[in-house]
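Written below as structure tokens is the structure these notes are about.
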Amino acid sequence: MRWLIGTVMIAAALALAPACSDDAVTPDPEPVLVTPPAFGEPYDKLSDWHLFADPLLQLPAERVVPYDVIAPLFSDYTSKWRFLFVPEGETVPYADEGTWEFPVGTVLVKTFAYADDVREPEGPRRILETRLLWREPEGWTAHTYIWNEEQSEAIREVGGRFVDVTFIDPLGATVETAYRVPNTNECADCHHQGEDEAGAIIVGPLGPKTLQLDRDADFGAGPVNQLDQLSSLGLFDGDPTPSSERERLVDPYDPAEDLSLRARSYFDANCSGCHRQGGSATDSDLELDFDSTDPTTSDAVVWGVCKTPTSAGGATCGNTYDIVPGEPDLSIVVCRMTATELDQRMPPLGSKIVHQEGLALMREWIESLPPASCTP
Ligand code: HEC
Ligand code: HEC
């Protein structure tokens, strides 16, 4: 994925560079400008938004800035591209904590694709869907556009769909599966921010926050810090906190990083959409966002240690506690990540394939926790 962001970054840097000079030898290609629809009337076709200079290559239009996260959500080995578009003249208040507050008119974009061989993400691939979060005056709305087989257009779909795909997984095995595009109610399960006075679900972004974006990316001139780059593009209304004072996630799969930080980063990306205060799994009382899993400030029962499940009907695989230190096989967290019945699997949405790398990390981390005997 790293090379991809590189390619895309170059395009974005070019697109955002001051336009034209008199002595240019070749004329600039006609710039592609985003053309948002009227609020409340999302287009049926992705192409009508003009978010991309080249949709197939995922080269962004003017002012559409690519970004990458430190700890991605696992989505059955799909590759992803992420972009943000903030309307001209608008800025984002810089914040160390929580997801950033974006102005009305912002469009956040995430495209999913399968590489034919996921070990070679730069090789042939099929784009599956492009998801949007659109900041309308009343709040964010979620939309997804499913790409046709010819890869020439993507059409908005609210009801979800299965798309048959074949790919080669990280171990070299050929996988045939039905990739699941979520319906738009399911977007709200993970992107749930609470409810309004009338009881309607409020959705919002999950990734764009300092914890997730404070990493290097290649904008065409070698790796630079994304926050510095966004700042120099004029995105923020103030200067970011100096790098040495910022808290950030770590790459969950980098064995050189601290194991506890790796596990917490994994939870934050893959579980905290629902398992956090105000999230859709609030009733489980299991909070897995980066702050709640901090062993120095948070009671371990909050993140599952010796915690009995509260959720009615919750599957337990015969185990008693969400996490038993030192005992992955006795921990409900592990068995729910591997459950074959999809209605018991965690996360319940967004992936069908058991995430072996995530599972290995969870096991290693639970084994490393100082033994404690859980007693009722
Ligand atoms: C299983 C939970 C889950 C579901 C279901 C889900 N998302 Fe997300 N989404 C996430 C997480 C976590 C991130 C941030 C991490 C990342 O980008 O890998 C994210 C990122 C995004 C982004 C990039 C901006 C952001 O918030 O980080 C967009 C746009 C988006 N999702 C739209 C949608 C839409 C539209 C749907 C429904 C069709 C949907 N999502 C369904 C969990 C989910
Ligand atoms: C799309 C929302 C969603 C996501 C994402 C999600 N969960 Fe859950 N989780 C739930 C809901 C809802 C419940 C309560 C109902 C149930 O037990 O099935 C729950 C319950 C649980 C329970 C039982 C907890 C208790 O004490 O009652 C565990 C353990 C769990 N989840 C672990 C995880 C882990 C680990 C992840 C990430 C790898 C994760 N979940 C991601 C929605 C989610």
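Every number for a ligand or one of its atoms is a count from 1 in the order of the listing. Because the structure is predicted, anything quoted here is derived from the model rather than measured.
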Distance check below 2.8 Å: does Met346 bring an N, O or S atom to atom 8 (Fe) of ligand 2?
yes
Any donor-acceptor N or O pair under 3.5 Å, side chains Glu357, Tyr77
yes
Measuring from Asn270:CG to Leu288:CG, what's the distance to the nearest 0.5 Å?
10.5 Å
Counting from 1 in the order shown, the ligand 1 atoms closer than 4.0 Å to a non-hydrogen atom of Glu186 are 5 (C)
Give the numbers and elements of all ligand 1 atoms closer than 4.0 Å to a heavy atom of Pro205.
26 (O)
Centroid separation under 6.0 Å, is that true for the rings of Trp303 and Phe267?
no
The single option from Lys352, Arg126, Glu129 that satisfies side chain to side chain donor-acceptor pair (under 3.5 Å) with Tyr179 is Glu129
Test item, Asp189 contacting ligand 1 (heavy atom, 4.0 angstrom):
no
Enumerate the atoms of ligand 1 whose separation from the nearest heavy atom of Pro72 is less than 4.0 angstrom.
18 (O)
Check whether Phe112 forms a cation-pi arrangement with Arg131 (NZ or CZ under 6.0 Å from the six-membered ring centre, at most 45° off the ring normal).
yes
Provide the number and element of each atom of ligand 2 under 4.0 Å from a heavy atom of Asn270.
5 (C), 37 (C), 41 (C)
List the closest protein heavy-atom neighbour of atom 3 (C) of ligand 1: residue, atom name, distance to the nearest 0.1 Å.
Cys190 SG, 2.7 Å
Hey, does Leu206 come in under 3.5 Å of ligand 1, counting only N/O atoms on both sides?
yes
Pair His275, Ser284: side-chain N/O donor-acceptor within cut-off below 3.5 Å
yes
If I apply the N/O under 3.5 Å rule, does Asp322 come out as touching ligand 2?
yes
Any nitrogen or oxygen of Leu132, side chain or backbone, less than 3.5 Å from one on ligand 1?
no
